[in-house]
Amino acid sequence: MIYLVTADKELFTTDIYKIISVEESLALLNPLKIVGLDTETEGLDPWTKKLKLLQLGNRNFQVIIDCFTVDVLKYKDYLESDRTFLGWNLKFDLKFLFRNGIYPKSLYDGYLAEKLLWLGYPAGMHSLSLKAAGNNYLNIELDKSVRSKITYSDLTTDVIQYSADDVKYLEDIIHKQWKKLYEKNLTNAIKVENQFVIPLAYCEYCGIKLDINKWRAKMKVDQDIFNKTVGNLNNWVIEHFPKDSTLVGRNLQGDLWDGFDAEPKCKINWSSPKQVIPLFEKLGLNLMTKDRATGDMKKSVDTKVIKPQQEVSSIVPIYMEYKAAAKVVGTYGQNFIDQINPISGRIHTNFTQLGADTTRITSGGKDKSNNTEYVNLLNLPANATTRDCFVAEPGNKWISLDYKGQETYLMASIANDKAILKELTEGSGDIHSLVAYMSYPEIPRDTPIKDIKKLYPELRQNSKGTEFGINYGGDANTIYINNGIPLEEAHRVYDAYMSAFKGLKEYQNFRRKDWWDKGYILLSPLTGHKAFIYDYEELQEIQKSFKEPGFWEYYREMKDSAPTCETVQKVKYFFKRKSTYEKKSINFPIQAAGSMCLRYSMIYFFEYIRKNKLFDIVKICITPYDEINCEAPEKIAYEIAKVLYNCMVKAGEIFCTECKLDADISYIDNNKLPDHWVH
DNA sequence: ATCTGTAGCGCC
DNA sequence: AAAGGGCGCTACAGAT
């Protein structure tokens, strides 16, 4: 049965639906403890578009509320009750409810559950839509084409019918979905995600204020630098390849001179690696490098490749400067101004909860259907000029907290490495110095760790790269490539590292096997989040074929004589995949723990905002991985900072059990720069 | 004109 | 056997 709540005088009860009052609808809905929820809106943006319909109900009946003629706030108490509201991608509906002053408390998001079930699978391998779920779980067809009609049409019967269907089947779909979650031991994980979606939606809804004048000034500077570097590159070429140079006609193929008698003009498109590669090779640079994804050798003008060869040609540093400038102009310029919402005056991005296989959120993207683009707010350049453009509203203070050495502490705790933990908790707290001491015998053995930063800054700096590389599965070869030291020395450093940090070694050895034993990477033993090995069966099949009689004999025979044959390729593929998963298996739990700290921090913080009715007053602005930036009225800013600090520490205690994961109130002021944003 | 894949680089 | 994890955006280049 479908009920319609509307004050539209032209609508009457039909065979399909019955018109009832708000009070009648609440009386009907009141007994439900689990309620399907959906909304239909004029568009994607809660600031410029209106909420059109609110649908509530279950498989027996559905209530459609016409929000254009009925005050949706009459349902506020109901929606903020302890009932659990079922929905699909509720982050979207939440933002429209927030805009209407309604803040639901208890949710179950089938879309997030579907993401959890398919975490680890490449995008597009499995549809996560409600329509697909209707198909897969109930074998029914849910018609979503009505979505496009709803913006333009009145409340026609088919619109009402289909809008009702969106809540009608939710309970049955989610019931079946729950069985899958239970089988895969993901019921705790979905509880976390269902709580996290609320503060995450709130963060999108709040957005962040950009100081347009500062941003335009920055753009001007960036553009000038860009123009200058392009000019410098062109001049360099003209200067080094005079008109009579044989290089011109033969190797640059007319790209330098524009006509026979014109002024010299460089026609190289510097943003085209394809055009830069032949020039740089002619200048004597070695551009060969290994493609990390394919493992094949290729030519590249990547900074990593050319930076060590700066002495080969004086164009190299100019080109590096150019690339940095091009990136800034292209990515961090006008698009940010275009993103300022005309109503809120702020930039609202789109976050993807569970965007990464590690459970990290991602930011950005575009919705082609509505021609909507979002900027990525999680990779803003970490320099003062850029970050200083993001400010608090007048009367507010910007509050910035970040976890202190989040991944180092989490890794030490998760690996339970006593040596690292000891240094963190009782020693210098500076792991880079400890690593330097362990790695370099030339540092006298009686040197206190705390003095190394001052006495051996270079060795300590090298150790950072070593640490990072090894912690995430790299080995001597990684150090050799990263630090540019002889392979032999790299081996010595690696061995020293591993014998000093036995807990880490043990952790890594365990992690290298665990994914294969389970068929997934256990991201967090506490929440049960998992990244599935999407090609696990394929890899098992390949491994089985290795056991066929004579396989390795045949392989050894073919390896040199026919390296492209199926057998050799299969072996190569298998070990490449295996190696990738081993490294993921080492890294993911650390990354996931950081991600969980952020989730719990935000959940706790939002609880406080709810309890103290600070919606729209305390704004959560931007949350890059290990920091939370919010703004609050000056009067309460210090109190809010303290609350947020406690939330972050409390979250840290759950996931970092062997040492204290602390947070820094790194900044609290208005329209000035957070220290930690400057590097 | 529009789509897709790749290279390169911004962040943690 | 291969040799450091996770993302998104912009430009180019080639295909349609």
Side-chain angles (χ1 to χ4, degrees), chain A residues 123 269-277 289-295 298-306 320 323-333 335 349-352 354-366 368 373-383 386-387 402-403 405-407 411 465-482 487 490 494 508 511 521 523 531 555 559 568-592 594-595 598 622-627 677 679:
Chain A
N269 178 353
W270 295 104
S271 67
S272 166
K274 204 188 165 186
Q275 293 181 35
V276 177
I277 285 170
T289 186
K290 190 170 271 186
D291 187 317
R292 227 211 261 173
T294 65
K298 59 165 187 187
K299 289 172 185 173
S300 164
V301 286
D302 192 325
T303 301
K304 281 199 297 290
V305 178
I306 61 171
M320 283 162 48
K323 280 204 287 196
K327 174 75 179 174
V328 173
V329 168
T331 308
Y332 307 104
N335 8 3
T349 188
N350 170 59
F351 292 113
T352 303
L354 300 167
D357 290 347
T358 61
T359 74
R360 265 191 189 169
I361 58 172
T362 60
S363 160
K366 58 184 113 182
K368 263 205 247 166
E373 292 185 18
Y374 302 96
V375 287
N376 184 354
L377 286 180
L378 298 179
N379 67 345
L380 293 168
N383 59 65
T386 306
R387 303 238 168 160
D402 68 324
Y403 278 116
Q406 192 194 47
E407 290 210 341
M411 194 209 66
T466 305
E467 221 181 302
F468 195 56
I470 298 180
N471 286 352
Y472 298 126
D475 59 13
N477 196 56
T478 313
I479 303 169
Y480 161 68
I481 290 167
N482 282 2
L487 189 56
Y494 181 78
Q508 293 200 352
R511 296 298 316 166
I521 297 168
L523 298 169
Y555 167 78
K559 195 182 165 207
V568 177
Q569 289 300 310
K570 193 166 76 172
V571 170
K572 201 172 166 182
Y573 174 80
F574 177 84
F575 284 104
K576 200 174 152 68
R577 297 296 302 156
K578 178 167 174 277
S579 164
T580 300
Y581 280 128
E582 284 174 357
K583 275 165 290 198
K584 284 175 188 246
S585 184
I586 289 168
N587 173 264
F588 280 20
I590 319 278
Q591 224 185 90
S595 169
L598 183 78
I622 182 173
T623 58
Y625 312 111
D626 64 345
E627 60 180 281
W677 273 20
H679 293 295

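These numbers come from a predicted model, not from an experiment. Values reported hereafter were calculated over all heavy atoms of this structure, with side chains retained and with hydrogens, waters and symmetry mates removed.
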**Q** How many whole angstroms separate atom CG of L598(A) from atom C1' of dC12(B)?
**A**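 Interatomic distance, CG of L598(A) to C1' of dC12(B): 11 Å.
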**Q** Does a side-chain N or O of K576(A) approach OP1 or OP2 of dA1(C) to a distance below 4.0 Å, or not?
**A**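 No, K576(A) has no side-chain N/O under 4.0 Å of OP1/OP2 on dA1(C).
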**Q** Distance between the P atoms of dC9(B) and dA1(C), in whole angstroms?
**A**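 One P to the other, the span is 32 Å.
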**Q** Should D475(A) and I470(A) count as side-chain neighbours, where that means a heavy-atom distance under 4.5 Å?
**A**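 Contact flag for D475(A)/I470(A) side chains = no.
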**Q** Give one of base, sugar-phosphate or nothing for G594(A), where a contact means two heavy atoms less than 4.0 Å apart.
**A**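 Result for G594(A) = nothing.
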**Q** Does a side-chain heavy-atom distance below 4.5 Å link Y472(A) with E407(A)?
**A**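 With C-beta onward as the side chain, the pair touches.
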**Q** Measure the shortest side-chain to side-chain distance between P624(A) and I622(A) over non-hydrogen atoms and say whether it is less than 4.5 angstrom.
**A**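 Heavy-atom side-chain distance check passes, below 4.5 Å.
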**Q** Can you list everything that forms a side chain to side chain donor-acceptor pair (under 3.5 Å) with Y625(A)? Sequence neighbours excluded, please.
**A**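 Per chain and number, Y625(A) pairs via side chain to side chain donor-acceptor pair (under 3.5 Å) with no residue.
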**Q** Between dG6(C), dC9(B), dG8(C), spot the one nearest the side chain of K323(A), thanks.
**A**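 The answer is dC9(B).
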**Q** Touch check for Y332(A), heavy atoms < 4.0 angstrom, all strands: base, sugar-phosphate only, or nothing?
**A**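 Here Y332(A) touches the backbone only, sparing every base.
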**Q** Just jot down the side chain to side chain donor-acceptor pair (under 3.5 Å) partners of Y581(A), sequence neighbours excluded, or say none.
**A**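 For Y581(A) the side chain to side chain donor-acceptor pair (under 3.5 Å) partners, ignoring immediate neighbours, are D535(A), R577(A).
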**Q** Picking from dG6(C), dA7(B), dA3(C), which would you name as closest to the side chain of K298(A)?
**A**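 For K298(A), the side-chain atoms sit closest to dA7(B).
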**Q** Ignoring backbone atoms, test whether S300(A) places a side-chain nitrogen or oxygen under 4.0 Å from the OP1 or OP2 oxygen of dA7(B).
**A**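 No, S300(A) has no side-chain N/O under 4.0 Å of OP1/OP2 on dA7(B).
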**Q** Heavy-atom nearest nucleotide on DNA chain C for F575(A) versus Y625(A): which residue maps closer to 5'?
**A**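 Its nucleotide being nearer the 5' end, the pick is F575(A).
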**Q** Can you tell me if the side-chain N/O atoms of T362(A) get under 4.0 Å from OP1 or OP2 in dG8(C)?
**A**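 Yes.
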**Q** dC9(B) phosphate, OP1 or OP2: any side-chain N/O from T303(A) under 4.0 angstrom?
**A**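 Answer yes for this pair, as a side-chain N or O of T303(A) is under 4.0 Å from OP1 or OP2.
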**Q** Show the distances under 3.5 angstrom between N or O atoms of the protein and N or O atoms of nucleotides 14-16 of chain C.
**A**
{"unit_1": "dG14(C)", "atom_1": "OP1", "unit_2": "K274(A)", "atom_2": "NZ", "d": "2.5"}

**Q** Measure the distance from CD on Q275(A) to P on dA7(B) and round it to the nearest whole Å.
**A**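 Checked: the CD to P distance equals 16 Å.
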**Q** Name the residue closer to the 5' end of DNA chain C, choosing between F588(A) and N477(A) according to the nucleotide with the nearest heavy atom.
**A**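 Final value for this comparison: N477(A).
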**Q** Just how far, in rounded Å, is C1' of dA13(C) from CG of N269(A)?
**A**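 Going from CG in N269(A) over to C1' in dA13(C) covers 11 Å.
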**Q** N335(A) has a side chain; which of dG8(B), dC11(B), dT10(C) sits nearest to it?
**A**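 Nearest to the side-chain atoms of N335(A), counting from C-beta on, is dT10(C).
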**Q** Given T362(A), which partner from the list L354(A), N379(A), N376(A), T352(A) fulfils the side-chain contact (heavy atoms from CB on, under 4.5 Å) test?
**A**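 Answer after filtering L354(A), N379(A), N376(A), T352(A): T352(A).
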**Q** What does V328(A) touch in the nucleic acid at a heavy-atom separation under 4.0 angstrom: a base, only the sugar-phosphate, or nothing?
**A**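 Counting heavy atoms under 4.0 Å across all strands, no contact is made by V328(A).
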**Q** Answer with yes or no whether N376(A) presents, from its side chain, a donor or acceptor under 3.5 Å of a partner atom in the base of dG8(C).
**A**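 Side chain to base: no pair below 3.5 Å.
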**Q** Could you give the CG-to-C1' distance, from D475(A) to dA3(C), as a whole number of Å?
**A**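 So the two atoms are 5 Å apart, to the nearest Å.
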**Q** What is the separation between atom NZ on K583(A) and atom C1' on dA1(C), rounded to the nearest whole Å?
**A**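 Rounded to the whole Å, the gap is 10 Å.
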**Q** Under 4.0 Å, counting only non-hydrogen atoms across every strand here, what does V571(A) touch: a base, just sugar-phosphate, or nothing?
**A**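 If one applies the 4.0 Å heavy-atom cut-off, V571(A) turns out to touch the sugar-phosphate alone, with no base involved.
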**Q** Taking the same atom, P, in dA3(C) and in dA7(B), what whole-Å distance lies between them?
**A**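 Looking at atom P only, dA3(C) and dA7(B) are 16 Å apart.
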**Q** At 4.0 Å (heavy atoms only), tell me whether Y480(A) reaches a base, stays on the sugar-phosphate, or touches nothing.
**A**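 If one applies the 4.0 Å heavy-atom cut-off, Y480(A) turns out to touch nothing in the nucleic acid.
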**Q** Return no unless some side-chain N or O of T331(A) is found under 4.0 Å from OP1 or OP2 of dG8(C).
**A**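 Checking T331(A) against dG8(C): no side-chain N or O falls below 4.0 Å of OP1 or OP2.
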**Q** Side-chain contact, heavy-atom cut-off 4.5 Å: L378(A) with I361(A)?
**A**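 Side-chain contact under 4.5 Å: yes.
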**Q** Let me know the distance between CD1 of I277(A) and P of dC12(C), rounded to the nearest Å.
**A**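 Rounding to the nearest Å, CD1 of I277(A) and P of dC12(C) are 15 Å apart.
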**Q** With heavy atoms under 4.0 Å as the rule, sort K366(A) into base, sugar-phosphate or nothing.
**A**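 Counting heavy atoms under 4.0 Å across all strands, no contact is made by K366(A).
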**Q** Does a nitrogen or oxygen in the side chain of N471(A) sit under 4.0 Å from OP1 or OP2 of dG5(C)?
**A**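 For dG5(C), neither OP1 nor OP2 has a side-chain N or O of N471(A) closer than 4.0 Å.
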**Q** Can you check the M411(A) CE to dG5(C) P distance for me, whole Å?
**A**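 For the pair M411(A) CE and dG5(C) P, the rounded distance is 16 Å.
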**Q** Measure from the side chain of A356(A), starting at C-beta and using heavy atoms only, and say which of dC7(C), dA7(B), dG10(B) lies closest.
**A**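 So the nucleotide nearest the side chain must be dC7(C).
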**Q** D302(A) has a side chain; which of dA1(C), dG8(B), dG6(C) sits nearest to it?
**A**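 Output: dG8(B).
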**Q** Which is true for Y374(A) with a 4.0 Å heavy-atom rule: it touches a base, it touches only sugar-phosphate, or it touches nothing?
**A**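 It contacts sugar-phosphate atoms only.
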**Q** Should the pair E582(A)-K576(A) be classified as a salt bridge under the 4.0 Å nitrogen-to-oxygen rule?
**A**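 So E582(A) does not pair with K576(A) through a salt bridge.
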**Q** Considering only dC12(B), dA7(B), dC7(C), which nucleotide approaches the side chain of R360(A) most closely?
**A**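 Among dC12(B), dA7(B), dC7(C), the one nearest the side chain of R360(A) is dC12(B).
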**Q** Check for a donor-acceptor pair, side chain of R360(A) on one end and backbone N or O of S595(A) on the other, with a separation under 3.5 Å.
**A**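 A pair under 3.5 Å: no.
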**Q** What is the distance from CZ of R577(A) to P of dG5(C), rounded to the nearest Å?
**A**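 Those two atoms, CZ and P, are 11 Å apart.
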**Q** To check you understand the geometry: which heavy-atom pair defines the closest contact between A476(A) and A490(A), and what is its length?
**A**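 Taking A476(A) first and A490(A) second, the nearest heavy atoms are O-CB, 3.3 Å.
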**Q** Answer with base, sugar-phosphate or nothing: what part of the nucleic acid does D626(A) contact at a heavy-atom distance below 4.0 Å?
**A**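 Answer is sugar-phosphate: D626(A) comes under 4.0 Å of backbone atoms only.
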**Q** Quick one: label K327(A) by what it contacts on the DNA or RNA (base, sugar-phosphate, nothing), any heavy atom closer than 4.0 Å.
**A**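 If one applies the 4.0 Å heavy-atom cut-off, K327(A) turns out to touch a base.
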**Q** Which is true for S363(A) with a 4.0 Å heavy-atom rule: it touches a base, it touches only sugar-phosphate, or it touches nothing?
**A**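 Sugar-phosphate: the residue S363(A), judged by heavy atoms under 4.0 Å, touches backbone atoms but no base.
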